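All remarks here apply to the structure that follows.
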Amino acid sequence: MTSLKNDIFIKTLLKQPVDRTPVWMMRQAGRYLPEYRATRAKAGSFLDLCTNPELACEVTLQPLERFDFDAAILFSDILTIPDAMGLGLYFSEGEGPKFKNTVRTQGDVDKLPIPDPDTDLRYVVDAVSLIRKNLQGRVPLIGFSGSPWTLATYMVEGGSSKTFQKVKGLMYQQPLVMHKMLDKLAQSVALYLNAQIEAGAQAVMVFDTWGGLLSTEDYNEFSLNYAKQVRSLLKTNVDGTEVPTIFYTKGGGLWLEDMADAGYSGLGLDWQTDIANARSRVGDKVALQGNLDPISLYATPEKIREKVKIILQKYGQGSGHVFNLGHGILPDVNPEHVKAMVDAVHEFSPQYHL
C-alpha cells in the first residue's frame with residue numbers, strides 16, 4: 001500500500017510529536033455539501049448510497065477536495081450491523097432510521113446472527129478498499145462502527161427515541177437478556193472493525209451516541225464494559241504498524257477517567273466537556289478529539305476563528321489533540337464556515353507544537 005503523505009492524525013492519536021494540530025469533522029461527508037446532495041440524488045436513496053461502494057467512495061472523498069482535512073472517514077451508517085442481523089433498516093422522511101423488526105425478548109436475542117463482514121457487510125468492506133486505493137496515501141482513512149449499547153438502543157426501540165423507555169426497561173427488567181444482546185453486538189462490532197482494518201482502514205472509531213443517557217452505574221455495566229470488550233478483540237497491529245482507536249460517548253464527560261482506561265488511543269469529547277479539564281483528568285493516557293460546538297458553525301467566520309483559538313489554547317502545548325466538532329455537522333451549515341474552522345486550526349495551532 002502507498003505510504004501516507006500526511007500522517008499527523010495518526011501520530012497525534014499515538015501521542016507522537018507533530019508540527020500542528022490535525023483536523024477532521026464528524027459527518028464531514030454529508031448533506032451540507034451540494035456535491036453530496038447531487039450524488040445522493042443519483043443514488044436514489046440514502047441506503048442505496050451506503051450500499052454502493054463506488055458512490056460511498058465518491059462522497060467520502062468530496063470534502064477533501066474542498067477542505068484541507070487531515071483524515072477521511074468512511075461514508076456509511078452506524079446501523080449496518082443491525083441491518084445485517086435481519087432487522088430490516090429503512091428511513092422515513094423526517095423521522096430518521098427505523099427497523100421493521102425489533103429485539104425485545106430472549107427469543108429475539110437468541111435468533112440474532114453475528115454477521116460475517118465478508119459476506120453480510122461486503123459492500124462496506126469493498127468501500128473501504130476502494131476509498132483507501134483512491135486516497136493514494138493523501139490522508140489516513142478512518143473506519144467506524146456504532147457501539148454495542150448505541151446499536152442496542154435502536155434495535156430495541158425500533159428507531160430513534162426521546163425517552164428510551166423500551167431499551168432501558170429491558171435493561172432494568174431483564175438484564176441478562178440485555179447482556180446477551182450486548183455480548184453478541186460486541187463480537188459483531190469487533191469482527192466488523194477488524195474487517196475494515198484488514199481492508200485498509202488506518203484508524204477506527206466507536207460511536208457511543210446514546211451512552212450519555214445512562215446513570216454512572218448503568219453506563220459502566222451496559223455501555224463501557226462492552227466498548228472494552230470490543231477493544232480487547234480488535235487486531236490493531238498491521239504488519240508492525242499500529243492502527244489507532246477512538247472511543248466517543250456523547251454526554252460522557254462525567255466518566256472520562258473510566259473511559260481512558262478502556263484501552264483506546266483517543267477519546268472523543270462532546271462540546272459540553274471543557275477540554276482543559278478533560279486533559280488534566282486523563283493526563284497522558286489518551287489523546288483527545290474535539291470539541292467545537294457544531295452550532296457554532298452558524299456563527300460568522302470571525303466568531304468561528306475565535307472559538308477555534310479558545311479550544312486550542314485550552315488544550316495547550318504538545319501533541320495529543322485532534323481538532324473536531326463535539327458532534328456531527330448539521331445539514332444546512334455554510335461550507336465556507338467549515339473552511340473558516342479548518343483554516344483557523346492550521347493558522348493558530350503550530351504555536352502549540354514548538
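Residues take their numbers from the sequence shown, with the count starting at 1. Computed from a prediction, not measured in an experiment: that's the story for all the values here.
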Find out whether [X] and [Y] are in side-chain contact, i.e. whether some heavy atom of one side chain is under 4.5 Å from a heavy atom of the other.
X	Y	result
Phe323	Val342	no
Val139	Lys5	no
Leu112	Leu87	yes
Phe348	Arg305	yes
Phe222	Met178	yes
Ser161	Thr153	no
Val103	Val109	yes
Tyr154	Ile78	yes

If you look at every heavy atom in [X] and [Y], which pair is closest and at what distance?
X	Y	value
Pro17	Ser319	CA-CB, 4.3 Å
Thr102	Gly158	CG2-CA, 3.6 Å
Ile295	Leu330	CD1-CD1, 3.2 Å
Ala71	Ile142	CB-CD1, 3.7 Å
Glu221	His179	OE2-NE2, 2.8 Å
Pro301	His337	CD-NE2, 3.9 Å

Please check: side-chain N/O of [X] versus main-chain N/O of [Y], any donor-acceptor pairing under 3.5 Å?
X	Y	value
Arg132	Gly200	yes
Tyr264	Ala227	yes
Thr273	Leu269	no
Gln196	Leu193	no
Glu35	Pro63	no
Ser265	Pro244	no
Asp83	Leu79	no
Asp293	Trp271	no
Gln289	Gly266	no
Thr150	Thr209	yes

In terms of hydrophobic clustering (I, L, V, M, F, W, Y; side-chain heavy atoms under 4.5 Å; direct or indirect links), are [X] and [Y] co-clustered?
X	Y	answer
Ile8	Tyr315	no
Leu234	Val125	no
Ile73	Leu292	yes
Val338	Tyr298	yes
Tyr192	Ile114	no

Point-to-point distance, once rounded to the nearest 0.5 Å, from CG of Asn52 to CG of Leu55: 3.5 Å
Nearest-0.5 Å distance that lies between atom CG in Leu13 and atom CG in Leu267: 10.5 Å
Derivation and outcome, side chain to side chain contact (heavy atoms under 4.5 Å, CB included), residues Asp218 and Lys168: CA-CA 10 Å; Asp218 293 333; Lys168 291 176 87 171; 5.9 Å; no
Full working for side chain to side chain contact (heavy atoms under 4.5 Å, CB included) between Val206 and Thr245: CA-CA 8 Å; Val206 175; Thr245 55; over 6 Å; no
Aromatic contact, His321 with Tyr352 (centres under 6.0 Å): no
Centroid-centroid distance, Trp149 to Tyr226, less than 6.0 Å: no
Salt bridge or not for [X] and [Y], using N-O below 4.0 Å?
X	Y	result
Asp116	Arg122	no
Asp261	Lys285	yes
Glu58	Arg40	no
Arg104	Asp108	no
Arg138	Glu65	yes
Glu198	Lys235	no
Arg20	Asp70	yes

Heavy-atom neighbours of [X] [atom1] exceed 12 at 6.0 Å:
X	atom1	answer
Lys98	NZ	yes
Lys15	NZ	yes
Lys228	NZ	yes
Lys180	NZ	yes
Asn237	CG	yes

Distance only, no hydrogens: is a donor on one side chain within 3.5 Å (strictly under) of an acceptor on the other, for [X] and [Y]?
X	Y	value
Glu242	Thr236	yes
Ser45	Asp48	yes
Tyr219	Thr249	yes
Thr80	Asp77	no
Thr39	Gln62	yes

Criterion side chain to side chain contact (heavy atoms under 4.5 Å, CB included) on Val230 and Ser147, from CA distance to verdict: CA-CA 9 Å; Val230 169; Ser147 72; over 6 Å; no
Gln229 and Asp183: CA distance, side-chain angles, deciding distance, side chain to side chain donor-acceptor pair (under 3.5 Å) verdict: CA-CA 8 Å; Gln229 184 177 332; Asp183 180 69; 2.9 Å; yes
Working for side chain to side chain contact (heavy atoms under 4.5 Å, CB included), residues Met26 and Trp24: CA-CA 7 Å; Met26 289 186 275; Trp24 71 278; 3.9 Å; yes
Parallel, tilted or perpendicular, as decided by the 30° and 60° cut-offs, for the rings of Phe75 and Phe46: perpendicular
